[in-house]
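Working notes for the structure below.
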Amino acid sequence: MKSTRELCGLFCSEMQTLTPRVYWAQRHKEIYLRVDLSDVQDLDVSIKEHILHFTAQGHGAKGSNEYKFSLEFLEPVKDEPVFKATQREVNITVQKVESQWWERLTWQLKKPVFLAPDFDRWLDESDAELELKEKEDQITKVSMESRVPHDHFHNLKRGYLFMYNLVQFLGFSWIFVNMTVRLFILGQDSFYDTFHSIADMMYFCQILAVAEIVNPAMGLVKTGVIPAVIQVVGRNVILFVIFGSLEEMQNKAVVFFVFYLWSMIEIFRYPFYMLCCIDTEWKTLTWLRYTIWMPLYPLGVLAEAVAVVQSLAIFNETRLFSINLPWPLRMSISFALILQIYLVFMFLGLFINFRHLFNQRRKRFRTKKRKTN
Ligand SMILES: CCCCCCCCCCCCC[C@@H](O)CC(=O)SCCNC(=O)CCNC(=O)[C@H](O)C(C)(C)COP(=O)(O)OP(=O)(O)OC[C@H]1O[C@@H](n2cnc3c(N)ncnc32)[C@H](O)[C@@H]1OP(=O)(O)O
């Protein structure tokens, strides 16, 4: 009885007539064979017991004829070759059973004469390892990307946020520059005229600032809604209810301090956000955004509290926004009383937002430090 290997010796020998030229290359996981035969017909490629058998009618080095060859591989392979005939050649891919680098292709030591390296695909072991690693990295990257849900509106959201921040930056810059120039030219007199020269722009910016509640509520920015509500509602009560509805308040110096303190933070905060939208950071600006609120916030709340206290007498006197309770109470609740309760909420709001901003600052600088280590 002849063994499989002995039988192979017969098949693999170059004694066989009409063998085509075969070029080969390998990777850790597969073997590539390129058979130099054109206009191939009746192609048959199979693997049995790690021996590849090839038969085809085609045009090769010895003209149009039937060509055959067999190759017993050095190591076990899977018996499902993938092959494809083109007009010029036949390409065969064979999967290795174990991912490893072979020192040669065939079991027999002597290389069959029809076999040669395929220099178009040839790689030595280290280059193949690199190629394999790149492929694996690519697969990991693709699978990671497919696990993270793709946000189709990402650029649209960024574009919207960038434009929003730009408009606010321009608005508050106009307010800040205008007030500064007027302060230099008119000195203290500019305090009493602030409302009439600035209010329209401040109305515009603060109405627009309602978006700052909508943005986190819709998940457009990753921050809490409550601090934004405190911030926007707090400012708008002062702007629309205290200054906007009481003419007597409009020419008071406190308007200057409130508007100046508000705009002073915003000329740093909005450009900081604009840079965030384009994944850029300017360290000085980040530091300013997360630092100057420390003196500005308490001063701002103090200036707002002064405005509320100054308005109490006017609301008492004019009875504006007073609430008349129906019979049998027959009482009138002055808006001044509501404002006194609001004063308590102002300091509660100051505490909540001060703590929020402090946490944001700590998070920002702690993360940055860790990233640079
Ligand atoms: C139910 C009714 C209750 C009513 C209660 C009323 C109480 C009244 C209290 C009154 C207090 C108000 C006083 C106030 O008017 C006084 C002053 O303003 S004085 C001037 C000084 N003021 C300030 O410094 C405050 C400025 N304002 C703010 O900082 C914010 O408005 C605030 C909500 C307080 C904090 O902002 P935020 O939570 O957004 O923190 P971050 O800036 O760190 O942002 C977090 C992440 O979100 C990204 N983000 C946020 N906004 C945008 C945006 N517009 N565009 C792009 N990206 C944005 C940001 O980049 C951060 O992301 P990441 O961490 O990845 O960088």
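Just so it is clear, the values below take in all heavy atoms, side chains as well, and ignore hydrogens, waters and symmetry mates. As the structure lists them, so they are numbered: ligands from 1, and atoms in each ligand from 1.
Protein heavy atom nearest atom 58 (C) of ligand 1, with residue, atom name and distance: Val221 CG1, 3.4 Å. Regarding atom 11 (C) of ligand 1, its nearest protein heavy-atom neighbour is Tyr297 OH, 3.8 Å. Protein heavy atom in closest approach to atom 60 (O) of ligand 1: Cys276 SG, 3.6 Å. Looking only at protein heavy atoms, the nearest one to atom 29 (O) of ligand 1 is Arg289 NH2, 2.7 Å. Of the protein's non-hydrogen atoms, Val229 CG1, 4.1 Å is the one closest to atom 1 (C) of ligand 1. From the protein, the heavy atom lying nearest to atom 37 (P) of ligand 1 is Thr223 OG1, 3.5 Å. Among all protein heavy atoms, the one lying closest to atom 59 (C) of ligand 1 is Tyr273 CE2, 3.8 Å. Of the protein's non-hydrogen atoms, the one nearest atom 66 (O) of ligand 1 is Arg364 NH2, 2.3 Å.
No side-chain heavy atom of Glu80 sits under 4.5 Å from any side-chain heavy atom of Val82. Side-chain atoms of Asn178 and Met201, non-hydrogen and from C-beta on, never get closer than 4.5 Å to each other. Side chains of Trp293 and Phe358 form a contact here, defined as non-hydrogen atoms less than 4.5 Å apart.
Counting the atoms of ligand 1 from 1 in the order shown, those under 4.0 Å from a heavy atom of Leu357 are 29 (O), 35 (C). Taking a cut-off of under 4.0 Å to the non-hydrogen atoms of Asn165, the atoms of ligand 1 that pass are 53 (C), 54 (N), 55 (N), 56 (C). For ligand 1, the atoms lying closer than 4.0 Å to a non-hydrogen atom of Tyr290 are 41 (P), 42 (O), 43 (O). Which parts of ligand 1 touch Val301 is read off a 4.0 Å heavy-atom cut-off, strictly below it: atoms 13 (C). When each atom of ligand 1 is checked for a heavy atom of Ile230 under 4.0 Å away, the hits are 9 (C). Below 4.0 Å from some heavy atom of Gly300 lie the following atoms of ligand 1, by number and element: 19 (S).
Using modelled atom types and a 3.5 Å distance limit, the side chains of Lys135 and Gln138 yield no donor-acceptor pair. The closest side-chain donor-acceptor pair between Gln95 and Glu30 falls under 3.5 angstrom. Checked by atom type, the side-chain pair Thr286/Arg364 shows no donor-acceptor distance below 3.5 Å.
Checked against a 3.5 angstrom limit, the closest N/O atoms of Asn215 and ligand 1 fall outside it. Between Tyr342 and ligand 1, no pair of N/O atoms sits closer than 3.5 Å.
A cation-pi arrangement is found for Arg121 relative to Tyr32, the charged atom lying closer than 6.0 Å to the ring centre and inside a 45° cone about the ring normal.
Of the candidates Asn353, Ile265, Ile238, it is Asn353 that places a heavy atom closest to atom 34 (C) of ligand 1. In this structure, of Trp293, Tyr260, Phe162, the residue bringing a heavy atom nearest to atom 24 (O) of ligand 1 is Trp293. Of the candidates Met274, Glu304, Met294, Glu304 brings a heavy atom nearest to atom 16 (C) of ligand 1. Of the listed residues (Phe345, Tyr160, Phe268), the one carrying the non-hydrogen atom nearest atom 7 (C) of ligand 1 is Phe345.
Between Tyr270 and Tyr164, the ring-plane angle classifies as perpendicular under the 30° and 60° cut-offs. Between Tyr297 and Phe354, the two ring planes are perpendicular [angle over 60°; tilted spans 30° to 60°].
Aromatic ring centroids of Phe191 and Phe257 lie under 6.0 Å apart. You'll find the ring centres of Phe272 and Tyr290 inside the 6.0 Å limit.
Around CZ of Arg355, the count of heavy atoms belonging to other residues, nucleotides or ligands within 6.0 Å does not exceed 12. Counting non-hydrogen atoms of neighbouring residues, nucleotides and ligands closer than 6.0 angstrom, the CD1 atom of Ile207 exceeds 12 such neighbours.
Protein heavy atoms are found less than 4.0 angstrom from atom 45 (C) of ligand 1. Protein non-hydrogen atoms do reach within 4.0 Å of atom 20 (C) of ligand 1.
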Apply the test side-chain contact (heavy atoms from CB on, under 4.5 Å) to residues Glu66 and Leu18: give CA-CA distance (whole Å), side-chain angles for both, the deciding distance (0.1 Å), then the verdict.
CA-CA 7 Å; Glu66 189 186 47; Leu18 301 187; 5.9 Å; no
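At a 4.0 Å cut-off, at least one heavy atom of His356 sits close enough to ligand 1 to count as contact.
If you look at Tyr270 next to ligand 1, there are no close heavy atoms at all, none under 4.0 Å.
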